[in-house]
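Note that ligands are numbered from 1 as they come in the structure, with each ligand's atoms numbered from 1 the same way. What you see is a predicted model; the values in this text were computed from it and never measured.
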Amino acid sequence: MGSKTETREDDGLLRDCWYFAGLSRDIRAGGLVHRSIAGEPLVLGRDETGAPFALRDICPHRAAPLSAGRMLDHDGAATVECPYHGWRFRARDGVCAHIPSLVQGQDFEASRIRARRYPAVEQGGLVWAFIPADPRFTGEPDHAPPRFAAQEKTGDQPKLVLKRIFDCHVDHAVVGLMDPAHGPFVHRQWWWRSAHSLHDKAKAFEPREYGFAMAEHKPSSNSYAYRLLGGAPTTEIVFRLPGVRTETIRNARHTVLGFTAVTPLDAQTTEITQVFFWDAPILSLIWPFAWLGGKAFLDQDGSMVDLQQQGLKHDPNLMLIPDADMQAIWYQRLKKEWAASRAEGRAFANPVQPVTLRWRS
Ligand code: FES
Ligand SMILES: [Fe+2]
């Protein structure tokens with residue numbers, strides 16, 4: 001069987017970075033989960049220590065998906081057994097531990113074979129997988145996935161989870177979610193804001209690790225939903241490459257963390273996952289409404305992005321205008337700098353400068 005070298009056209013997807021791979025609670029001991037990230041098929045599970053692992057979901061023998069197999073103990077090591085010919089691959093490093101068809105004395109070293117392993121990390125109730133730019137990469141990444149300070153208050157248990165597939169390139173989903181000007185048009189609903197309220201906004205932004213933040217501020221007076229928390233809440237919104245947005249809302253007593261991961265499954269399909277953590281008992285009472293509200297938001301964004309595809313099919317030029325589209329411009333600059341700094345093997349230099357942006361929404 002001929003060997004193939006991998007080539008990858010520029011699909012506009014970032015590599016050498018940590019992608020959100022799933023919720024801790026969705027990756028169960030003894031189970032296997034298939035997941036596509038940036039066009040790569042992954043199988044996720046837990047090794048003998050309970051730590052999550054990620055392997056390429058293609059058997060090195062003849063390409064059957066390992067996720068269709070099962071987890072099996074082999075001499076004390078957790079292995080994934082391929083469903084086709086039963087080869088076993090060690091969960092922690094992907095090394096082949098067993099080939100059932102070999103007979104005594106057959107000179108074939110199974111341990112030379114390896115399913116590709118992707119670094120995986122679990123923290124804060126979330127599992128992250130590192131997708132390297134170089135398919136031969138075997139080490140550990142030079143940076144860690146994000147940690148969220150708000151979880152010191154909210155804990156690691158997701159209270160509310162929303163998901164939706166967007167049929168678009170990740171860039172359109174990211175830009176759509178960070179765009180402040182679409183709110184009054186796409187998210188017009190009585191419980192969020194009144195229909196005729198367009199207000200001048202001025203928000204301070206600053207660079208943050210691999211991204212930027214809308215600094216902590218009092219939310220707009222035209223948003224009813226924040227009032228639920230009571231007190232005088234503040235909000236801070238942080239964006240970080242490759243596509244993670246967090247909003248931390250807090251008052252004197254309580255904290256809510258809204259986590260949004262925009263994950264490219266491949267170059268044309270993107271999954272949005274929203275996870276909310278909180279320590280406010282009142283929110284735990286009204287969570288079905290929060291779920292409905294969140295779902296309405298996500299569906300509105302998704303329908304708009306789907307509609308936008310009709311125009312994008314014709315590959316038109318797109319515009320970004322000041323200041324409402326500045327975050328989208330930063331996103332593009334951040335991506336460019338990410339790719340350049342990785343290719344040149346140098347430290348990432350954040351292109352964002354502190355600034356106050358103004359728009360009406
Ligand atoms: S294809 Fe996996 S063992 Fe043969
Ligand atoms: Fe939106």
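One finds the CZ atom of Phe276 at 10.5 Å from the CG atom of Leu283 (value rounded to the nearest 0.5 Å).
For residues 310-336, the set of pairs meeting the salt bridge (Lys or Arg N to Asp or Glu O under 4.0 Å) definition, not counting sequence neighbours, comprises Asp171-Lys335.
Judged by distance alone, the side chain of Gln332 and the main-chain N or O of Ile329 form no donor-acceptor pair under 3.5 Å. For the pair Ser341 (side chain) and Glu337 (backbone), a donor-acceptor distance under 3.5 Å is present. Judged by distance alone, the side chain of Arg35 and the main-chain N or O of Ala21 form a donor-acceptor pair under 3.5 Å.
With a 6.0 Å cutoff to the six-membered ring centre and a 45° limit on the axis angle, Arg208 does not count as a cation-pi contact of Phe205.
Excluding waters, the protein N/O/S atoms found under 2.8 Å from the Fe ion (ligand 2) are His182 NE2, His187 NE2, Asp301 OD1, Asp301 OD2. Of all protein N/O/S atoms, those under 2.8 Å from atom 2 (Fe) of ligand 1 are Cys59 SG, Cys82 SG, and waters are not counted.
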Please tabulate, for side-chain N and O atoms in residues 88-98, each donor-acceptor pair with protein atoms closer than 3.5 Å (sequence neighbours left out).
unit_1 : atom_1 : unit_2 : atom_2 : d
Arg88  : NH1    : His74  : ND1    : 2.9
Arg90  : NE     : Asp93  : OD1    : 3.2
Arg90  : NE     : Asp93  : OD2    : 3.4
Arg90  : NH2    : Asp93  : OD2    : 2.6
Arg92  : NH1    : Glu48  : OE2    : 2.7
Asp93  : OD1    : Val95  : N      : 3.1

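Between Phe53 and Leu44 the shortest side-chain heavy-atom distance does not fall below 4.5 Å. You'll find the side chain of Asp57 stays beyond 4.5 Å of the side chain of Leu55, heavy atoms only.
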